[in-house]
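Input: a single structure, listed below in structure tokens.
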Amino acid sequence: MDDGTLLKPALYQAEGSAAAPDRPALLGGVCATCGYVFFPMQRYGCERCGGIDLHPRTLSGAGTLLAAARVHLHAGKGREAPFTMGAVALDDGPIVRTLIDNGGEVPQPGLRMATALAPAVDAEGGPRLDLRFVREARP
Amino acid sequence: MTVTLNDLRPVYVVGVGFHRYQFLSDTPYVDLGLTAVRAALADAGLPWPAVDSAYFAKALLPMAPGRAMLRHLGATGLPIVHVENASASGSAAFRHACLEVAAGLAEISLVVGVDKPMQVGRAESLARIGSLADDAIAPFTHFALLADAYAHRTGATVEDIALVAVKNHGNGSKNPFAQHQKARSLDEILGGKKIAGCFTSLQCTPIGEGAAAVIVASEEGLRRQGIGLDRAVRVAASAGRSQRVYRDATRYDAMLTQETAGIALSEAQISPDDLDVVELHDAFTVEEVEYVEAMGLCPDGQAVPRLKDGEFDIGGRCAVSPSGGLIAMGHPIGPTGVGQIGEITRQLRGEAGVRQQTGARSGLAHMVGVGAVCYVHILQAL
């Protein structure tokens, strides 16, 4: 897949990680000073120790749902309620807050989740793919 | 070695005043603020020229609203500083006024919070660090996620968490300065407009405007004005902290509250059991249950049973949000933390009328603000 179609190519890639090769990976970072793993990648400085030796790290698109909520009211442009938000603890450490695709049903905390790309539009209305978390397919 | 507020000379709250918190109106902010300041001066029995410095808390008003308002009291030339610290702006302003008086740089200082609803951006968005979907996470969604996690962790139901709103709307119905002044049943609250997760509109703080003012003073300042300590309330502790990296990153508000409240309680040399009244940042119902546990008012996971037992009612073991809290009293942002100090002062003076927590001697005010920052103050009757 061409990453040029992604809505936020600085945050994720279509290609998976070694741990989850079939799932889009998240583009995080790691602090060489203290080992703190974070998302997304940034170069300002480590939030935990202040170190500036920060390196990109591809994070696996798999994790565990911590919480979810159906949102019924949203004022921002380009997104219509209702939709479902969730907090997912990635297997690689960071916690991300993300859109959940689960057919309108609110999933329960503890559920295994994985990344997927879903159709979206950019600010100009052009077709793009954006990241969602969905229930992890059972092996 | 650093010192605490308690190591310096005593600081007292000697005057409180409000303009009612209300929905957006045509009233200029100057009217809102002057109403609160004049009420606080009258409450203290102090003339405006006796005030040495002013701290103006706001998060939404444009640059430098202070002198444009305060000059109408007479332009005495006092130093004015504006404090913006998100929801905790008023709490931060109060802390720094107390520190100035405690340090002896001023004898009498005014803290006033004024705001009107206006669209402002968040500086964090200018850092150019992307997010998957932060545009979709309004504050109510952030706390709806916490509510889902709290329910999952403790077994609390949607109805249990909504009981916070029943209590706080009941308290607000007795407060003439509250934005919402109507008692609500559990059915009314649960049947309201759906917002996010378990929240309906009456479980969320309203958007509004208003003003609150308090005057803090030293004993020397009061002596010079011929005023005694009869109605004074001592500021026993002041703590301010900001978010660190926590193991459970989603619960940073509670972790930060636990840390900041612990510092303040230690400084005041009291335990959570000694608190008679607490005003906390209950912008959303789940915050109250999270924070009473974080502060140590009850063990983890016990907030709902204690709430059901009436422990946090006015007349219970510790009245939580007797003003109505952010849910009913309102949260005009700049004024909110100042208003908490006003409510606790009235409680500790025994002047809270139908909202009075009988025999209240110690009170705690708590605010968190996006960032995140947290402030906790402890006040004590003399």
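Computation of the quantities below employed the complete heavy-atom set of this structure, encompassing side-chain atoms and omitting hydrogens, waters and symmetry-equivalent molecules. A note on names: the letters A, B, ... follow the listed sequences, proteins ahead of strands, and every chain is numbered from 1.
- Here CZ of B:Phe199 is found 12.0 Å from NE2 of A:His72. Values are rounded to the nearest 0.5 Å.
- Interface remark: A:Ala10 contributes no atoms to any contact with chain B (heavy atom separation under 4.5 Å).
- Highest contact tally toward chain A, considering only B:Asp135, B:Thr141, B:Leu146, is held by B:Asp135 [criterion: heavy-atom pairs under 4.5 Å].
- Within 6.0 Å of atom CD1 in B:Ile207, 12 or fewer heavy atoms from other residues, nucleotides or ligands are found, so the atom counts as exposed in its surroundings.
- Heavy atoms of other residues, nucleotides or ligands lying less than 6.0 angstrom from CD of B:Glu124 number 12 at most.
- Residues B:Lys193 and A:Leu73 meet the side-chain proximity criterion, which asks for heavy atoms closer than 4.5 Å.
- Looking at A:Glu47, the atoms closer than 4.5 Å to chain B (heavy atoms on both sides) sit in the backbone and in the side chain alike.
- The backbone N or O of B:Gly130 sits nowhere less than 3.5 Å from a side-chain atom of A:Lys8 that would complete a donor-acceptor pair.
- Only the side chain of A:Val96 comes within contact range of chain B, judged by heavy atoms closer than 4.5 Å.
- In this structure, A:Arg57 places its CZ atom where only 12 or fewer heavy-atom neighbours from other residues, nucleotides or ligands lie under 6.0 Å away.
- Using a 4.5 Å cut-off between heavy atoms, A:Leu99 contacts chain B through both its backbone and its side chain.
- Remark: side-chain polar atoms of A:Tyr44 are paired, donor with acceptor, to backbone N or O of B:Ala127 under 3.5 angstrom.
- Within a 6.0 Å radius of CG in B:Leu24, more than 12 heavy atoms belonging to other residues, nucleotides or ligands are found.
- Annotation: the span from A:Phe38 atom CZ to B:Ile129 atom CD1 amounts to 9.0 Å, rounded to 0.5 Å.
- Proximity to chain B (any heavy atom under 4.5 Å) is restricted, for A:Leu131, to the side chain, taken from C-beta onward.
- Here the closest non-hydrogen pair linking A:Arg97 and B:Leu132 is O-CB, 3.8 Å.
- For A:Arg48, the parts lying near chain B are the backbone and the side chain together; criterion is any non-hydrogen pair under 4.5 Å.
- Looking at A:Leu65, neither its backbone nor its side chain comes within 4.5 Å of chain B, counting heavy atoms on both sides.
- Looking only at heavy-atom pairs under 4.5 Å with chain A, the residue among B:Cys198, B:Ala249, B:Ala196 that has the most is B:Ala196.
- Residue B:Ala149 touches chain A through both its backbone and its side chain, counting heavy-atom pairs closer than 4.5 Å.
- Across all non-hydrogen atoms, the minimal contact from A:Leu11 to B:Ser131 is CD1-O, 3.2 Å.
- Minimum interatomic distance between B:Ala136 and A:Met85 (heavy atoms only, all atoms of both residues): CB-SD, 3.8 Å.
- When A:Pro40, A:Pro109, A:Ala69, A:Pro94 are compared by the number of non-hydrogen pairs under 4.5 Å with chain B, A:Pro109 comes out ahead.
- In this structure, B:Arg153 CZ and A:Leu66 CG are separated by 11.0 Å, a value rounded to the nearest 0.5 Å.
- At distances below 3.5 Å, not a single donor-acceptor pair connects side-chain atoms of B:Asp148 with backbone N or O atoms of A:Ala67.
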